[in-house]
Amino acid sequence: RPAAQQNGALSGRAVVVTAGGTREALDPVRYLGNRSSGKQGVAVAEAALAAGARVTFIGGAMSVEPPAGAEVVRVESTQELHDAVMAHAPDADALVMAAAVADFRPAEYMDSKIKKSEDGSNPVIRLERTPDILAEAVQARAAGQPMPGTIIGFGAETGDATASVLEFGAAKLTRKGCEMLVVNQVGRDKVFGQDTTEVTMLFADGREPVAAAGDKSEVGVAIVTELAGLLDRMDQ
Ligand code: CTP
Ligand code: CA
């Protein structure tokens with residue numbers, strides 16, 4: 001069995017894991033969301049608990065139950081996720097951003113339900129950017145504020161004519177400034193809602209990438225093994 005599960009590799013560590021998708025309200029009954037199931041984030045949290053960590057699990061919309069044994073914080077919007085991360089991450093040893101965070105949200109919220117108009121005109125939804133929570137955590141740390149020394153991002157990529165999935169992943173790792181990026185290839189029926197996945201973990205310290213594939217719970221253990229390695233390295 002992988003090292004992380006055997007030996008309490010995270011005992012004494014506090015880990016914040018975000019998971020699931022955000023929902024951005026348009027009006028009291030409608031939102032913009034995404035297809036995240038939350039499975040990979042839950043699997044990371046469960047693997048971290050099994051390795052002996054104290055886990056704060058910040059969950060958005062998910063099709064699975066939050067991990068038993070974690071302190072669970074439920075959120076809906078990117079703003080709520082942001083506020084929960086900023087409240088809990090400063091006390092943690094590691095932050096794992098597995099949540100599928102909206103990049104855009106409706107620029108205006110309608111206090112009452114949007115109705116069909118009499119004249120047949122259709123509403124136009126104007127969008128604005130959301131805060132980049134991962135980037136903000138890295139920047140806060142760089143500014144000397146308390147934030148985990150180990151921050152892990154996730155990156156869903158499709159690749160295109162100009163660059164491969166891993167090239168996009170490497171660029172995203174540099175852009176985000178985190179210690180490790182878990183890259184997976186998305187598209188068609190890949191990954192969303194599935195029980196299995198294929199990822200490549202990229203490291204900021206120049207270590208060789210580590211690939212992991214299989215059940216999301218196995219990949220969760222592989223991610224936690226690398227997380228434990230990063231934390232141990234920081235202690236030296
Ligand atoms: N993330 C975040 N806040 C956002 C958007 C993303 O914290 N507003 C985090 C995600 O949780 C993930 C990482 O950033 O850990 C990368 O998310 P991804 O959507 O792949 O990257 P983006 O920078 O949003 O780039 P893209 O344009 O490819 O969507
Ligand atoms: Ca994004």
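We're numbering straight along the sequence, starting at 1. Side chains included, hydrogens not; waters and symmetry mates left out as well; all remaining heavy atoms used. Remember, predicted model here, so these are calculated numbers, not experimental data.
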Are more than 12 heavy atoms from other residues, nucleotides or ligands located less than 6.0 Å from atom [atom1] of [X]?
X	atom1	result
F203	CZ	yes
E65	CD	no
R74	CZ	yes
R13	CZ	yes

Side chain to side chain donor-acceptor pair (under 3.5 Å) against E24, all qualifying residues, sequence neighbours excluded: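 Testing E24 for side chain to side chain donor-acceptor pair (under 3.5 Å), a comparison that skips the adjacent residues, returns T78.
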Which heavy atom in A140 sits nearest to a heavy atom in M147, and how many Å separate them?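 Minimum heavy-atom separation between A140 and M147: CB-CG, 4.1 Å.
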Contact summary for P131 and Q79, nearest pair of heavy atoms: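 Residues P131 and Q79, closest heavy atoms: CG-OE1, 4.0 Å.
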Would a hydrophobic clustering, with Ile, Leu, Val, Met, Phe, Trp and Tyr connected at side-chain separations under 4.5 Å, put V199 with I152?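 Linked within one cluster.
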Test: D103 and R129 ion pair at under 4.0 Å: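 Judged by the 4.0 Å cut-off on N to carboxylate O distance, D103 and R129 do not form a salt bridge.
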Is the closest basic N to carboxylate O distance between E157 and K172 below 4.0 Å?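 K172 and E157: salt-bridged.
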Using a 4.5 Å cut-off on heavy atoms from C-beta on, say whether the side chain of R105 contacts that of L32. no
Sole residue of T56, T150, L227, L95 in side chain to side chain contact (heavy atoms under 4.5 Å, CB included) with V15: L227
